[in-house]
Engineer: 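One structure, as structure tokens, below. Some questions next.
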Amino acid sequence: MDDKRPGENQEQIPPVEEAPAHFIRMKTFSFIMLVFTLILCTAGLTVFALTFGDEKAVEVSSPERREFEKLYAAYDQVQQEYFEDVDSNVLINGAINGMVESLGDPYSDYMNEEEAAQFSQGISSSFQGIGAEVQERNGLINIVSPIKGSPAEKAGLKPGDKILKVDGESIQGFSASEAVMLIRGEKGTEVTLTIQRGDLAEPLEVKIVRDDIPIETVYPEMIGDGVAHIQVTSFSENTAKELTDAISEMEKQGMKAMVMDVRQNPGGLLTTALEISNLFIDEGKEMFEVQAKGEEPEIYLAESGSKVKVPVTLLIDGGSASASEILAGAMKESADVTLIGENTFGKGTVQTANDMADGSNLKFTTAKWLTPDGNWIHEKGIAPDVKVAYPEYASLPVLDSSIEMKDGTISEQVKTAEQMLEALGYKVGKVDGVFEEQLTDAVEQFQGDNELETTGVVTGDTTFAIMEALSKKIDEEDPQLLEAKKIVMEEAGIKAEPAKESAEEEPKE
């Protein structure tokens, strides 16, 4: 192939005909003008629609989530046509409340700013009120458990009591947060609760003076024979530290065995329940599982750290709920701890509290929890290994101190007073709700024994004294605690110290 150099004969390429330059410029300009015109038209139509067209304005501003159209329509209609002015915040809070209540879950709740602040106070155990955990169920407010040492406990409130009214105002249909707002109040103020207990025909009115709710959540004591009784009343921010301090103190006092007690403990923080469970479960063993929707259970294992080294039994009852049940399940299934008492409450779900921008809070169920063996105890509870019931007199309703009961009075309250005095060892005659001569004699004897004015009438100070004496008897003759102590002593190989001789007390004449 011959190479041709520049200048030599080469094939000539005819020139390409160029389009006129002004033609290209016109096409670009027209395109830009067309785009600009379209933008102007679109903007103009939008302004016109927003200014003059109500229906078109709604269409333009409506969100893509069409499921909310009905809600927006209802909101607009109420705002525009309701016969009085309506606070938009009230409507919005009401809508969220309704949405949460439609879940039918008593543990899910929406709290406005004020209610959310109260909720936070309750978790930190630093609030004023009556001291009782409540729950909404089937439109009624139920007491889950009164807090130890609280006004609610001293007034005789029991798990399962239904609060019908607060200071005469019906709270049927209220959420738990709404009820708490009415029940709580400043120290020293009084609140009257109308209570329905069991199948009693007549509701009871209980007057309670609000007070500081005890910050302490752990109550340790040595109960003889080297056995420590440690009661945990809730799972709050500082409970784990309180418990480890209490264990150290009991060890200094010669603890050889322990009775843990979560009776009447309504629960609290999940993190605290895990910290406490970790004290009793060997490293690597399962404490509990959490299962969110559509996911496999997440397993929580015990970690290294300080462990309780003495034999333990655990006391439970119908007031043991939530975090108490997590502890009970872990101790039973991963540490072979014997559970004694009565069936627990049965709360097997986990709630997450989500703070919102305005200080309100949306608390709802996000998962269910399972015991180490994979059991879901929701609405079933955990059964004790050794069932021991409370004595019947421990479940008697409270007496109304404002009522005067005397010879000739016939009522359910008289029957309750008869049962209480009989449990205290006084001869009251036939327990039938009729105030007769023998009951008058028993009341006079009780008043004399307790340095009260001898009138034979049950009212005021006499009423309070009868209930306090019965409460003391329940504490001193606690059959569940005695059984738990007996079992843990056997496990620890502890021999009981010789009992002091005492004559058996005869019924009081």
Side-chain angles (χ1 to χ4, degrees), residues 143 146 151-162 192-208 263-264 317-318 342 388-483 502-509:
I143 291 178
E153 184 192 52
K154 292 174 182 175
L157 296 187
K158 305 288 185 184
D161 284 348
K162 295 176 175 60
T192 299
L193 304 182
T194 303
I195 299 293
Q196 182 73 52
R197 177 171 295 168
D199 298 324
L200 289 177
E202 294 295 325
L204 310 167
E205 286 204 347
V206 183
K207 293 180 180 178
I208 307 175
R263 292 177 298 177
Q264 309 293 299
D317 69 2
E342 297 178 316
V388 180
Y390 283 114
E392 288 187 12
Y393 59 76
S395 299
L396 290 173
V398 294
L399 294 173
D400 187 341
S401 63
S402 66
I403 294 176
E404 184 177 87
M405 293 179 279
K406 57 186 178 181
D407 193 10
T409 303
I410 302 174
S411 69
E412 284 293 323
Q413 286 273 289
V414 170
K415 185 176 181 179
T416 300
E418 290 173 325
Q419 291 170 309
M420 288 183 175
L421 286 167
E422 185 176 62
L424 291 170
Y426 294 90
K427 289 188 175 181
V428 298
K430 187 177 180 181
V431 178
D432 55 4
V434 180
F435 207 120
E436 296 178 308
E437 183 179 355
Q438 194 164 357
L439 180 56
T440 301
D441 293 339
V443 172
E444 288 179 349
Q445 186 179 356
F446 175 83
Q447 290 169 330
D449 292 342
N450 290 271
E451 299 180 352
L452 297 166
E453 183 181 359
T454 306
T455 62
V457 177
V458 178
T459 190
D461 290 342
T462 296
T463 302
F464 285 121
I466 291 173
M467 290 193 292
E468 287 174 6
L470 189 64
S471 179
K472 184 178 179 182
K473 177 182 176 68
I474 292 169
D475 288 341
E476 291 176 348
E477 301 176 8
D478 184 341
Q480 295 173 341
L481 177 58
L482 293 175
E483 182 65 20
S502 60
E504 185 176 343
E505 187 174 353
E506 295 292 333
K508 299 179 177 69
E509 298 293 340

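Note that this is a predicted model, so its numbers are computed, not measured.
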Engineer: What heavy-atom pair brings Gln196 and Pro203 nearest, and what distance separates the two atoms?
Structural biologist: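 Gln196 and Pro203 have their closest heavy atoms at OE1-CG, 3.7 Å.
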Engineer: Is Val457 close to Thr462 at the side-chain level, that is, under 4.5 Å between some pair of heavy atoms?
Structural biologist: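 No, too far: nothing below the 4.5 Å cut-off.
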Engineer: Any chance you could measure Thr454, atom OG1, to Asp449, atom CG, to the nearest 0.5 Å?
Structural biologist: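 Going from the OG1 atom of Thr454 to the CG atom of Asp449 covers 9.5 Å.
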Engineer: Kindly give the heavy-atom pair with the smallest separation between Pro397 and Met420, and that separation in Å.
Structural biologist: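 Nearest pair, atom of Pro397 first, then Met420: O-CE, 3.3 Å.
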Engineer: How far apart are the closest heavy atoms of Met467 and Leu399, and which atoms are they?
Structural biologist: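 Minimum heavy-atom contact is SD-N, 3.3 Å.
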Engineer: For residues Gln480 and Glu342, determine if any side-chain heavy atom of one lies less than 4.5 Å from a side-chain heavy atom of the other.
Structural biologist: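 A side-chain contact exists here, since the closest heavy-atom pair is under 4.5 Å.
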Engineer: Quick one: does any side-chain atom of Thr192 pair with a main-chain N or O of Val206 as donor and acceptor, under 3.5 Å?
Structural biologist: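 No; zero donor-acceptor contacts below 3.5 Å.
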Engineer: Under 3.5 Å, is there a donor-acceptor pair between the side chain of Gln447 and the main chain of Thr455?
Structural biologist: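 A pair under 3.5 Å: yes.
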Engineer: Decide yes or no for Leu193 and Leu157: does some side-chain heavy atom of the first lie under 4.5 Å from some side-chain heavy atom of the second?
Structural biologist: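 Of all side-chain heavy-atom pairs linking Leu157 with Leu193, at least one is under 4.5 Å.
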Engineer: Check this for me: Lys473, atom NZ, are more than 12 non-hydrogen atoms of other residues, nucleotides or ligands nearer than 6.0 Å?
Structural biologist: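 Counting other residues, nucleotides and ligands, NZ of Lys473 exceeds 12 neighbours.
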Engineer: Flag the pair Phe446 / Leu452 as yes when at least one side-chain heavy-atom distance between them is below 4.5 Å, and no otherwise.
Structural biologist: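 The answer is yes; the side chains approach within 4.5 Å.
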Engineer: How about Asp432: does its CG atom have over 12 heavy atoms from other parts shown lying under 6.0 Å from it?
Structural biologist: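 Check passes, neighbour count above 12.
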Engineer: Counting only heavy atoms not in Tyr390, do more than 12 fall under 6.0 Å of its OH?
Structural biologist: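 Yes - once you tally the heavy atoms of other residues, nucleotides and ligands closer than 6.0 Å, there are more than 12.
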Engineer: Any side-chain heavy atom of Ile474 within less than 4.5 Å of one from Tyr393?
Structural biologist: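 They are in contact (side-chain heavy atoms under 4.5 Å apart), so the answer is yes.
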Engineer: Can you tell me how far apart CD (Glu436) and CG (Asp407) are? Round to the nearest 0.5 Å.
Structural biologist: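 Atom-to-atom, Glu436:CD and Asp407:CG are 8.0 Å apart.
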Engineer: Roughly how far, to the nearest 0.5 Å, is NZ of Lys415 from CE of Met405?
Structural biologist: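 Nearest 0.5 Å value for the CE-NZ distance: 14.0 Å.
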Engineer: Looking at Gln419 and Leu396, what are the two nearest heavy atoms and their distance?
Structural biologist: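 Scanning both residues, the minimum pair turns out to be OE1-CD2, 3.2 Å.
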Engineer: Rounded to the nearest 0.5 Å, how far does CD1 of Ile195 lie from CG of Asp400?
Structural biologist: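 With rounding to 0.5 Å, CG (Asp400) is 12.0 Å from CD1 (Ile195).
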Engineer: Which atom pair, heavy atoms only, marks the closest approach of Leu204 to Gln413?
Structural biologist: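 Result for this residue pair: CD2-NE2, 3.7 Å.
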Engineer: Do Asp441 and Glu444 have side chains that approach each other closer than 4.5 Å (heavy atoms only, starting at C-beta)?
Structural biologist: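 SC-SC contact between Asp441 and Glu444 confirmed.
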Engineer: Within this structure, what is the CG-CD1 distance for the pair Leu424 and Ile466, rounded to the nearest 0.5 Å?
Structural biologist: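 So the gap between those two atoms works out to 8.0 Å.
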Engineer: Kindly give the heavy-atom pair with the smallest separation between Phe435 and Val414, and that separation in Å.
Structural biologist: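 Looking at all heavy atoms of both residues, the shortest contact is N-CG1, 3.7 Å.
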Engineer: Evaluate the side-chain proximity of Leu439 to Leu421: yes if any heavy-atom separation is below 4.5 Å, no if none is.
Structural biologist: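 Yes; the side chains approach each other to less than 4.5 Å.
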Engineer: I need the Ile143 CD1 to Gln264 CD distance, nearest 0.5 Å.
Structural biologist: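 Reported to 0.5 Å precision, the distance equals 10.5 Å.
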